[in-house]
Amino acid sequence: MNIGVLGAGQLGRMLALAGYPLGNRFTFLDTTGNPSAGIGDVIVDPNNQHLAEFLAKVDVVTYEFEHLPVELVREIEQHKPVYPSSRAIEVCQNRVEEKTLFDRLGIPTPAYRVVESAEQLEAAARELGCPVVAKSVTEGYDGKGQAVLKQPEQAADAWAAIGHSQLVVEAFVDFVREVSMIAVRGRDGEVVFYPMAENQHVDGILRYSVAPLPDLDASVQQTADSYIRALLDELDYVGVLALELFQTRDGSLLANEMAPRVHNSGHWTMDGAVTSQFENHLRAIQGLPLGDTQAIAPTCMINVIGREGDNAAILALTNTHLHRYDKAERAGRKLAHVNILAPNHAELLEKVRACSALLPDAPPPDLSFSIKQ
């Protein structure tokens with residue numbers, strides 16, 4: 001089957017690498033003019049002139065990037081099956097719609113307000129109590145389109161810096177850790193869940209993900225499963241969905257945001273789970289049985305950002321796997337990731353520290369489970 005992918009970055013690259021053993025072929029439609037997949041058939045189409053060519057080559061369409069024109073996805077849906085649907089994109093690229101859906105399904109979130117001026121932003125900051133984080137309603141990812149207000153008087157500067165006509169303002173959460181859920185729903189409604197991962201972000205960009213977690217109560221995992229299942233069923237979703245959450249001191253979970261695609265916090269599954277998120281996404285959109293999501297061993301994913309490290313030394317570490325994206329070095333750019341496996345979490349943490357020391361711009365790991373080793 002020929003898989004059409006909207007977008008042509010590293011996520012598309014990893015989808016293709018997972019799909020070739022299944023006999024899939026891949027055609028990417030790049031609307032940015034800067035493709036980086038480096039694999040498959042890439043159609044560069046920033047002016048929407050080659051959609052017919054793309055459609056003629058593919059049997060089913062998916063995407064690796066949700067910040068796409070919804071109208072484009074709806075147009076494609078008139079001709080080919082698209083998974084996940086345009087409805088999923090519409091919700092996930094608009095924070096107000098996303099929050100509204102969370103509220104309707106009874107999925108708790110941090111307290112928030114929607115504002116449409118600097119004056120409203122200041123009032124929301126006073127009402128929620130600083131610090132607060134202001135986020136653009138659309139187009140924000142990897143820390144972009146956001147500002148932290150430590151005082152209400154910073155509202156005017158934050159409003160100008162973000163530069164959007166509508167913002168979501170969220171109260172800060174006293175959380176123990178940031179976690180994420182990756183789940184997959186098939187065309188027949190079958191759902192499978194990966195073990196919850198703990199994530200460490202720096203400046204809004206993911207640096208580490210660890211799964212499974214040694215200190216996670218089974219009831220917390222079940223709660224997260226129920227939240228993401230509700231979203232999958234409500235959207236009649238097909239494919240991989242990621243849900244980012246905060247875990248508070250009492251063990252409760254607050255939803256942050258979701259992503260309708262394979263996700264950075266699921267990269268650990270490429271080497272640390274029986275079936276990777278990429279293979280399971282392809283299974284789902286083709287109507288194939290979903291694969292086992294069980295973790296093989298404690299695993300940590302480390303993002304390589306900005307500059308690459310000593311790759312030979314990294315690969316000398318036992319049970320360590322390097323996945324490079326064939327990208328030129330640039331500050332803030334995701335260049336690769338490393339997956340490290342170990343028989344237990346204490347040994348895993350030692351290996352993660354050793355690996356991070358070989359990466360020039362890697363912050364030291366600061367993961368909550370490490371306190372318990």
Side-chain angles (χ1 to χ4, degrees), residues 1-94 97-98 101 138-139 141 184-191 231-242 258-263 277-290:
M1 183 176 286
N2 197 324
I3 311 295
V5 181
L6 303 180
Q10 69 263 18
L11 297 179
R13 176 189 181 91
M14 288 182 274
L15 277 171
L17 291 170
Y20 286 139
L22 298 176
N24 296 138
R25 298 177 305 280
F26 289 83
T27 301
F28 299 92
L29 184 67
D30 173 73
T31 59
T32 68
N34 296 293
S36 63
I39 199 169
D41 183 8
V42 180
I43 298 174
V44 181
D45 190 21
N47 300 313
N48 197 23
Q49 301 295 311
H50 302 291
L51 183 58
E53 177 189 352
F54 172 75
L55 291 172
K57 292 184 174 184
V58 304
D59 301 306
V60 63
V61 177
T62 188
Y63 42 90
E64 57 126 49
F65 183 66
E66 66 269 33
H67 297 287
L68 296 161
V70 176
E71 298 77 14
L72 171 64
V73 182
R74 287 178 179 151
E75 170 64 21
I76 294 172
E77 284 176 326
Q78 301 302 311
H79 305 279
K80 301 286 180 176
V82 178
Y83 302 115
S85 70
S86 59
R87 173 60 182 151
I89 277 192
E90 190 173 30
V91 170
C92 290
Q93 68 180 213
N94 185 298
E97 289 212 28
E98 186 178 66
L101 179 60
T138 59
E139 300 176 354
Y141 64 97
V184 196
R185 187 173 185 269
R187 280 158 58 167
D188 61 355
E190 177 190 7
V191 177
L231 292 164
L232 290 164
D233 290 344
E234 174 67 20
L235 295 170
D236 194 19
Y237 195 94
V238 175
V240 165
L241 179 69
M258 58 181 178
R261 53 172 168 78
V262 289
H263 195 258
Q277 64 165 342
F278 297 98
E279 180 180 337
N280 255 337
H281 183 77
L282 294 170
R283 288 186 183 214
I285 68 174
Q286 294 176 88
L288 298 172
L290 302 181

Q: Could you please spell out the steps behind the side chain to side chain contact (heavy atoms under 4.5 Å, CB included) verdict for Leu72 and Leu51?
A: CA-CA 9 Å; Leu72 171 64; Leu51 183 58; 4.1 Å; yes

Q.
Could you check whether Glu97 pairs with Arg87 (Lys NZ or Arg NE/NH1/NH2 to Asp/Glu carboxylate O, under 4.0 Å)?
A. yes

Q: Specify the closest pair of heavy atoms between Val5 and Gly12, including all atoms of both residues, with the distance to one decimal.
A: CG1-CA, 4.5 Å

**Q.** Nearest-0.5 Å distance that lies between atom CG in Leu15 and atom CG in Asn24
**A.** 10.0 Å

Q: I would like to know whether Leu101 and Leu235 meet side chain to side chain contact (heavy atoms under 4.5 Å, CB included); could you show each step before the answer?
A: CA-CA 10 Å; Leu101 179 60; Leu235 295 170; 4.3 Å; yes

(Q) Could you check whether any side-chain N or O of Gln49 sits under 3.5 Å from a backbone N or O of Asn47, counting only pairs where one atom can act as donor and the other as acceptor? (A) yes

**Q.** Side chain Gln93, main chain Leu68, donor-acceptor under 3.5 Å
**A.** yes

(Q) Given 3.5 Å as the limit, does a donor-acceptor pair link the side chain of His50 with the main chain of Asp45, or not? (A) no

Q | Nearest-0.5 Å distance, CD1 of residue Ile76 to OH of residue Tyr63 | A | 11.0 Å

Q: Heavy atoms only: give me the nearest His281-Gly239 pair and the separation to one decimal.
A: ND1-CA, 3.5 Å

Q: Work out which heavy atom in Pro46 is nearest to a heavy atom in Gly33; give both atom names and the distance.
A: CB-N, 4.4 Å

Q. What are the two closest heavy atoms between Ala18 and Glu279, and how far apart are they?
A. CB-N, 3.8 Å

Q. In Å, rounded to the nearest 0.5 Å, how long is the span from CD of Gln277 to CE of Met14?
A. 8.0 Å

Q) For the side chain of Glu66 and the backbone of Arg261, is there at least one donor-acceptor N/O pair under 3.5 Å apart? A) no

Q.
Rounded at 0.5 Å granularity, tell me how far NZ in Lys57 sits from CG in Asp41.
A. 4.0 Å

Q: Please round to the nearest 0.5 Å and tell me the distance separating atom CG of Leu22 and atom CE of Met1.
A: 11.0 Å

Q: Find out whether Val42 and Val44 are in side-chain contact, i.e. whether some heavy atom of one side chain is under 4.5 Å from a heavy atom of the other.
A: yes

Q.
Restricting to non-hydrogen atoms, name the atom on Arg187 and the atom on Gly287 that form the minimum distance, rounded to 0.1 Å.
A. CD-N, 3.5 Å

**Q.** Side chain to side chain, Tyr83 and Val60, heavy atoms closer than 4.5 Å
**A.** yes

Q. Could you state the interatomic distance from CD (Glu71) to CD (Glu90), rounded to the nearest 0.5 Å?
A. 8.5 Å

Q.
Between Thr27 and Gly4 (side chain of the first, backbone of the second, donor and acceptor by atom type, cut-off under 3.5 Å), is there such a pair?
A. no

Q) Just by distance, do the side chain of Asn2 and the backbone of Asp59 share a donor-acceptor pair under 3.5 Å? A) no

Q.
Would you say that Ile39 contacts Phe28 through its side chain, given a criterion of any heavy-atom pair below 4.5 Å between the two side chains?
A. yes

Q) Has the side chain of Arg185 got a donor or acceptor atom that lies under 3.5 Å from a matching backbone atom of Val191? A) no

Q: Write down the atom of Val238, the atom of Ile285, and the distance for their closest heavy-atom approach.
A: CG1-CA, 4.0 Å

Q) Can you tell me if Glu98 uses its side chain to pair, donor with acceptor, with the backbone of Met258 under 3.5 Å? A) yes

Q) So, the side chain of Asp30 versus the backbone of Asn34: is there a donor-acceptor pair under 3.5 Å, distance only? A) yes

Q | Side-chain donor or acceptor of Tyr237 paired with backbone N/O of Pro260 under 3.5 Å | A | yes

